[in-house]
Amino acid sequence: MEHIDLDGAPPVRVHVRQSARARRMSLRVSRLDGRVTLTVPRGIRLHPARAFATEKAAWIRAQLAGLPGREGVELGTLLPVEGREVGVVSDARTAYRPDSGQITVSRRVRAVGPAVAGVLKAVARERLAQASDRYAASLGRRYTRLVLRDTRSRWGSCSSEGVLMYSWRLILAPPEVLEYVAAHEVAHLAEMNHGPRFWAEVARLYPGHAAERRWLRDQGETLHRWRFEGA
């Protein structure tokens with residue numbers, strides 16, 4: 001993929017993507033990470049693409065200015081964890097302490113962000129494994145493996161081999177949202193599609209899931225506002 005650098009302060013990099021399905025040039029600014037992508041029909045040269053991006057430079061900068069800021073995680077940060085606000089504090093050992101509403105980071109740790117990410121991933125794995133086990137038992141199916149990733153385009157997936165993949169950032173969402181995503185992906189063990197039979201399985205495993213789907217659509221991007229450097 002080629003790219004275009006727009007002049008100005010600060011400079012903006014526009015990634016150019018050719019698509020055989022595109023009929024015209026179009027711009028997209030990701031609300032997750034601010035990535036600017038210009039999709040062009042296959043065969044379009046870089047010069048007209050640059051002219052189009054330059055013409056739309058004011059629009060691009062306006063979209064970038066309206067994005068929510070990303071925040072680094074350090075001592076004193078307040079994070080949403082399992083539907084409640086949790087503070088990051090220094091202590092003798094690194095641990096998640098839900099009773100006190102804290103994630104403690106060992107005083108020997110230099111990089112706070114990765115340490116907090118490690119704690120959150122461990123908690124996410126535990127919660128997602130518990131939910132997946134419960135829904136799989138209800139479905140009468142078994143999954144083969146559970147994998148955590150920091151995905152941007154999806155909150156979970158289920159492979160034809162029965163591997164369940166989840167975004168570990170679901171631990172930053174309300175617990176019922178995590179439960180819904182687990183039910184959704186486990187339902188794919190029975191129906192590898194999004195047809196009526198699949199949604200019937202989801203509704204049986206997790207009745208009344210419309211609110212959780214709506215939360216992910218409207219609020220899901222906020223889970224990516226937190227930066228865990230090196231995580």
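Note that the structure is a prediction, hence the values are computed from the model and not measured. In this chain, numbering begins with 1 at the start of the sequence shown.
- No side-chain N or O of Glu176 forms a donor-acceptor pair with one of Tyr206 less than 3.5 Å apart.
- Residue Arg197 qualifies as open at atom CZ: its count of foreign heavy atoms under 6.0 Å is 12 or below.
- Here the side chain of Arg169 pairs a donor or acceptor atom with the backbone of Trp226 at under 3.5 angstrom.
- Leu120 pairs with exactly one of Leu170, Val73, Leu172 by the side-chain contact (heavy atoms from CB on, under 4.5 Å) rule, that one being Leu172.
- Here the closest heavy-atom approach between residue Trp168 and residue Ala124 is recorded as O-CB, 3.6 Å.
- In this structure, Ser106 contributes its side chain and Thr94 its backbone to no donor-acceptor pair below 3.5 Å.
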ask   = Can you list the steps and then say if Tyr166 with Thr151 is a side-chain contact (heavy atoms from CB on, under 4.5 Å)?
value = CA-CA 8 Å; Tyr166 297 108; Thr151 52; over 6 Å; no

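- Remark: Arg107 CZ is packed, more than 12 non-hydrogen atoms of other residues, nucleotides or ligands lying under 6.0 Å away.
- Proximity of a side-chain donor or acceptor of Thr37 to a complementary backbone N or O of Arg28 within less than 3.5 Å is not detected.
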request  = Show the numbers, then the answer: is there a side-chain contact (heavy atoms from CB on, under 4.5 Å) between Val36 and Leu38?
outcome  = CA-CA 7 Å; Val36 182; Leu38 172 58; over 6 Å; no

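- The two residues Leu75 and Val89 have their closest heavy-atom pair at CD2-C, 3.7 Å.
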task = Might you work through the side-chain contact (heavy atoms from CB on, under 4.5 Å) test for Trp199 and His209, ending with a clear yes or no?
result = CA-CA 10 Å; Trp199 287 111; His209 55 263; 3.9 Å; yes

task = For the pair Arg50 and Glu2, evaluate salt bridge (Lys or Arg N to Asp or Glu O under 4.0 Å) and give the outcome as yes or no after the intermediate values.
result = CA-CA 11 Å; Arg50 182 184 300 277; Glu2 297 181 275; over 6 Å; no

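- A side-chain contact (heavy atoms from CB on, under 4.5 Å) with Leu128 is found for exactly one of Leu178, Leu164, Val147, Ile171, namely Leu178.
- Annotation for Arg204: atom CZ counts as buried by contact number, over 12 foreign heavy atoms lying within 6.0 Å.
- A donor atom on one side chain and an acceptor atom on the other are not found under 3.5 Å apart for Tyr96 and Glu126.
- Shown here for Arg93 and Thr104, the closest heavy-atom pair between the two residues is O-OG1, 2.8 Å.
- Among Glu55, Gln63, Arg61, the single residue meeting the side-chain contact (heavy atoms from CB on, under 4.5 Å) criterion with Trp59 is Gln63.
- Ring geometry, His188 versus Phe198: the interplanar angle falls under 30°, so the pair is classed parallel (tilted spans 30 to 60°).
- A distance-only check finds a donor-acceptor pair linking the side chain of Arg84 to the backbone of Pro98 [under 3.5 Å].
- In this structure, Thr144 contributes its side chain and Glu161 its backbone to a donor-acceptor pair below 3.5 Å.
- No side-chain donor-acceptor contact under 3.5 Å links Arg141 to the backbone of Gly162.
- Contact check on Glu185 versus Arg154 returns no salt bridge, with no Lys/Arg side-chain nitrogen under 4.0 Å from an Asp/Glu carboxylate oxygen.
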